[in-house]
Amino acid sequence: MTTVLNQPTTEPGAHGVAQSRGLFDRAILRQALKDSILKLDPRVQVKNPVMFVVLVGTIISFVEAISHPSTFTWSITVWLLLTVIFANFAEAMAEGRGKAQADTLRKMRSETEARRLRADGTEELVPAAELSKGDLVVCEAGDAIPSDGEIIEGIASVDESAITGESAPVIRESGGDRSAVTGGTKVLSDRIVVRITAERGHTFIDRMITLVEGANRQKTPNEIALTILLSVLTIVFIPVVVTLVPFANFAGASVSVVVLVALLVCLIPTTIGALLSAIGIAGMDRLVQRNVLAMSGRAVEAAGDVQTLLLDKTGTITLGNRMAANFFPVGGHTEQEVADVAQLASLADETPEGRSIVVLAKQLFDIRERQLEGDHTFIPFTATTRMSGLDIGQRKIRKGAGDSVKRWAAELGGTTPSDLDEIVERVARAGSTPLVVADGADIVGVIELKDVVKQGIREKFDEMRRMGIRTVMITGDNPLTAAAIAQEAGVDDFLAEATPEAKMALIKEQQEGGKLVAMTGDGTNDAPALAQADVGVAMNTGTTAAKEAGNMVDLDSNPTKLIDIVEIGKQLLITRGSLTTFSIANDVAKYFAIIPALFVVAYHSTNNPLKALNIMHLHSPQSAILSAVIFNALVIIALIPLALRGVKFRASGSAAILRRNVLIYGVGGVIVPFVFIKFIDLILVALHAY
């Protein structure tokens with residue numbers, strides 16, 4: 001039997017990967033404070049060009065403060081250093097949340113001994129670390145599954161709470177789309193043989209640790225583009241600041257190096273430069289909080305730009321099981337007679353459809369506590385007969401496909417009621433499944449089995465439409481049924497009788513039109529389409545092929561999660577855009593604070609035209625410059641919660657989002673600095689600092 005060393009116990013209701021942590025968790029806060037100092041290493045800072053310039057400016061200011069010490073130069077130096085530390089703190093806070101998740105996964109990933117099968121069928125105990133791809137291992141009740149694999153023999157109840165946080169066990173079995181198992185999960189019952197599909201160090205948990213920890217995180221295309229833009233702006237402002245020296249000399253003023261450094265730091269986009277990395281990391285973390293693992297930041301960004309959603313009907317748009325909705329009598333019978341016969345035919349039917357027929361008869365006519373007297377035999381459904389039912393003595397009751405029941409009734413000497421075909425066709429046209437019910441040779445009516453559209457799904461699709469996203473339902477149903485369900489659910493289009501080739505063709509058609517496509521899947525036949533889609537979300541319950549083909553994995557295996565993923569992707573893009581707008585806008589106020597203060601000598605002259613620029617009426621050149629530098633540092637700390645939580649997402653079109661963005665973060669970004677720089681100036685004056 002597998003021996004588990006230090007195997008952590010999982011209590012019901014455990015959170016698994018997606019542990020919910022406060023924004024400023026004490027443990028994360030302590031580590032972030034430590035990391036913000038360690039990140040002062042120039043080798044780390046050079047990866048962020050904007051903050052690297054601030055660090056170099058801090059060093060220059062520090063040298064100047066030693067050479068020409070004064071309260072002003074030391075104050076500027078300290079606040080410049082704090083600006084870099086605050087930027088490091090923002091990134092460390094975002095990384096800290098991921099590292100905390102990774103620590104949880106490491107504790108879960110224990111060393112195990114596996115029962116590996118030899119070629120002759122005997123077993124040998126080996127450490128899990130020695131398992132190779134293709135090895136066969138045996139797992140029984142109480143055993144930990146030693147590595148990722150696929151069940152090739154048997155069926156078992158598996159506890160995946162350490163991964164998904166869901167305490168309810170799941171069924172895994174060979175030969176289907178639910179054969180994949182994850183290393184670190186636990187077998188609760190029965191015996192299975194697992195073929196290992198991952199090499200050591202490349203298991204699902206290893207990949208999860210790398211992803212949530214943010215180790216070797218690659219910047220996304222949009223993030224790279226914005227970094228280049230910020231770098232260019234920074235480079236442009238360096239010669240601008242340097243050329244102010246001869247202008248000042250010409251005006252008879254003397255500009256110190258510290259003031260020039262302060263001006264440069266306030267001119268360049270330090271706010272977004274400090275928060276850019278944290279925004280990207282936090283976006284990945286928000287997905288992890290929803291139990292979704294993105295294999296790359298590129299996939300998260302693509303989710304924000306998705307224009308077409310491909311959604312499976314079963315389990316995504318509908319509840320997944322057809323439910324009895326109506327009883328339709330034929331041939332002069334009553335609805336209650338149909339309900340009575342249908343319930344008898346379904347008493348032994350343990351399928352969700354069969355149980356729903358029994359329940360509907362109880363609800364409509366209070367038919368309950370049936371007593372079957374005498375000899376009786378339950379007739380199971382088979383693919384050959386396409387019927388099921390009950391024999392009670394000489395009485396024979398059947399329910400099933402219309403053609404099969406009509407043929408069976410005819411063999412007993414019955415005739416087809418004149419109104420039967422019309423009712424069957426009407427039910428089918430409505431997108432439902434008709435089951436014909438017969439009591440011997442007498443056909444009594446039709447049961448309507450209906451795909452139940454999930455509550456609230458239509459409103460979700462309306463939101464998608466407002467965002468300019470087109471929704472397409474994918475189903476194996478015939479076109480009539482698909483059209484009826486599509487209309488009820490409110491999707492924009494549907495693909496009926498879908499095959500893997502048809503899905504691929506649809507995705508390529510959308511992509512050729514310049515659209516980004518997202519879809520979900522769990523089977524091996526979904527793998528090509530998942531690989532082709534820009535955002536492919538594989539279900540954790542799905543096959544290894546599906547999970548390897550997709551660029552996201554939903555640990556909860558909830559197909560509707562795709563809609564949430566799109567919203568998180570859009571929130572990431574909106575947050576980045578909003579804070580970029582705010583960063584550039586708040587530079588305006590800093591210009592009005594520092595530029596008049598540059599010409600220290602001429603500042604107090606009666607005819608100095610630059611006095612008109614001091615619209616905030618700041619007390620002195622020194623207090624103006626220091627107030628701007630202090631605000632520049634503190635605004636980073638103030639915006640960290642917004643960068644980590646993200647700007648609140650509202651379903652609306654791009655134009656509406658842009659207008660709101662400009663109004664709140666553009667206009668607000670101009671007004672807020674004026675208020676707070678003046679406020680800081682008043683505090684400095686009150687403290688008699690200048």
Side-chain angles (χ1 to χ4, degrees), residues 321-452 477-478 480-481 483-485 488:
N321 297 314
R322 295 170 303 169
M323 310 293 287
N326 291 292
F327 298 118
F328 296 107
V330 297
H333 292 282
T334 65
E335 186 178 349
Q336 184 168 356
E337 287 176 330
V338 180
D340 180 73
V341 176
Q343 190 186 62
L344 282 172
S346 305
L347 288 178
D349 188 348
E350 290 301 320
T351 64
E353 293 88 348
R355 292 194 294 269
S356 72
I357 293 171
V358 174
V359 170
L360 183 63
K362 288 181 181 179
Q363 291 175 341
L364 295 180
F365 302 105
D366 198 30
I367 305 173
R368 60 183 69 242
E369 298 180 2
R370 306 299 294 264
Q371 298 294 327
L372 298 178
E373 299 178 356
D375 295 334
H376 58 274
T377 304
F378 292 110
I379 309 300
F381 176 87
T382 67
T384 303
T385 63
R386 298 172 65 204
M387 296 185 300
S388 63
L390 172 69
D391 289 348
I392 309 176
Q394 298 301 313
R395 186 182 182 189
K396 299 179 182 296
I397 298 172
R398 296 291 187 272
K399 69 174 178 18
D403 292 342
S404 299
V405 174
K406 284 194 297 182
R407 187 166 49 251
W408 179 80
E411 291 173 356
L412 295 179
T415 59
T416 301
S418 59
D419 53 348
L420 177 64
D421 291 338
E422 186 271 332
I423 292 176
V424 168
E425 185 178 351
R426 189 176 73 227
V427 170
R429 284 186 176 277
S432 301
T433 301
L435 291 182
V436 176
V437 183
D439 190 350
D442 186 15
I443 296 177
V444 297
V446 177
I447 308 167
E448 179 186 15
L449 293 181
K450 188 175 182 181
D451 275 308
V452 180
D477 291 337
N478 63 70
L480 283 177
T481 301
I485 296 173
E488 183 180 356

Engineer: Where is the tightest heavy-atom contact between Ala325 and Leu360, given as atom of each residue plus distance?
Structural biologist: C-CD2, 3.7 Å
Engineer: So, using side chain to side chain contact (heavy atoms under 4.5 Å, CB included) as the criterion, who are the partners of Met387 when residues are at least two apart?
Structural biologist: Thr385, Arg398, Ser404, Val405, Trp408
Engineer: With sequence neighbours left out, what residues match Asp403 under side chain to side chain donor-acceptor pair (under 3.5 Å)?
Structural biologist: none
Engineer: Run the side chain to side chain donor-acceptor pair (under 3.5 Å) test against Ser418 and tell me which residues pass, sequence neighbours left out.
Structural biologist: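 Per chain and number, Ser418 pairs via side chain to side chain donor-acceptor pair (under 3.5 Å) with no residue.
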Engineer: How far does CG of Asn326 sit from CD1 of Ile447, to the nearest 0.5 angstrom?
Structural biologist: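 If we round to the nearest 0.5 Å, Asn326:CG and Ile447:CD1 are 11.0 Å apart.
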Engineer: Rounded to the nearest 0.5 Å, what's the gap from CG on Leu347 to CZ on Phe378? Could you check?
Structural biologist: 5.5 Å
Engineer: Got more than 12 heavy atoms from elsewhere within 6.0 Å of NZ, Lys450?
Structural biologist: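 12 or below, so no.
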Engineer: Does Asp442 have any side chain to side chain donor-acceptor pair (under 3.5 Å) partners at least two apart in sequence or in another chain, and if so, which?
Structural biologist: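 Per chain and number, Asp442 pairs via side chain to side chain donor-acceptor pair (under 3.5 Å) with His333.
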Engineer: Begin with the C-alpha distance, continue with both residues' side-chain angles, and end with the deciding distance and a verdict on side-chain contact (heavy atoms from CB on, under 4.5 Å) for Ile357 and Phe327.
Structural biologist: CA-CA 9 Å; Ile357 293 171; Phe327 298 118; 4.2 Å; yes
Engineer: Between Gln343 (side chain only) and Val358 (backbone N and O only), is there a donor and an acceptor less than 3.5 Å apart?
Structural biologist: yes
Engineer: For Ser356 and Ala324, indicate whether the former's side chain and the latter's backbone hold a donor-acceptor pair under 3.5 Å.
Structural biologist: yes
Engineer: For the residue pair Pro417 and Val330, what are the closest heavy atoms and their distance?
Structural biologist: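 Where Pro417 meets Val330 most closely, the heavy atoms are CG-CG2, 3.9 Å.
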Engineer: If you look only at distance, which donor and acceptor atoms sit under 3.5 Å apart when one is on a side chain in residues 429-441 and the other is two or more places apart or in another chain?
Structural biologist:
from: Arg429; atom 1: NE; to: Glu425; atom 2: OE2; distance (Å): 3.3
from: Ser432; atom 1: OG; to: Glu448; atom 2: OE2; distance (Å): 2.7
from: Thr433; atom 1: OG1; to: Arg322; atom 2: NH1; distance (Å): 3.1
from: Asp439; atom 1: OD1; to: Arg395; atom 2: NE; distance (Å): 3.2
from: Asp439; atom 1: OD2; to: Arg395; atom 2: NE; distance (Å): 3.3
from: Asp439; atom 1: OD2; to: Arg395; atom 2: NH2; distance (Å): 2.8

Engineer: Check the surroundings of atom CZ in Arg386: do more than 12 heavy atoms from other residues, nucleotides or ligands lie under 6.0 Å from it?
Structural biologist: no
Engineer: For the residue pair Asp419 and Gly331, what are the closest heavy atoms and their distance?
Structural biologist: OD1-N, 3.3 Å
Engineer: Taking side chain to side chain donor-acceptor pair (under 3.5 Å) as the test, write out the residues that go with Arg426, two or more places apart.
Structural biologist: Glu422
Engineer: Do Lys399 and Ser346 have side chains that approach each other closer than 4.5 Å (heavy atoms only, starting at C-beta)?
Structural biologist: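 They are in side-chain contact.
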Engineer: Can you tell which of Leu344, Val444, Asp391 makes a side-chain contact (heavy atoms from CB on, under 4.5 Å) with Ile397?
Structural biologist: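 With Ile397 as partner, side-chain contact (heavy atoms from CB on, under 4.5 Å) holds for just one option, Leu344.
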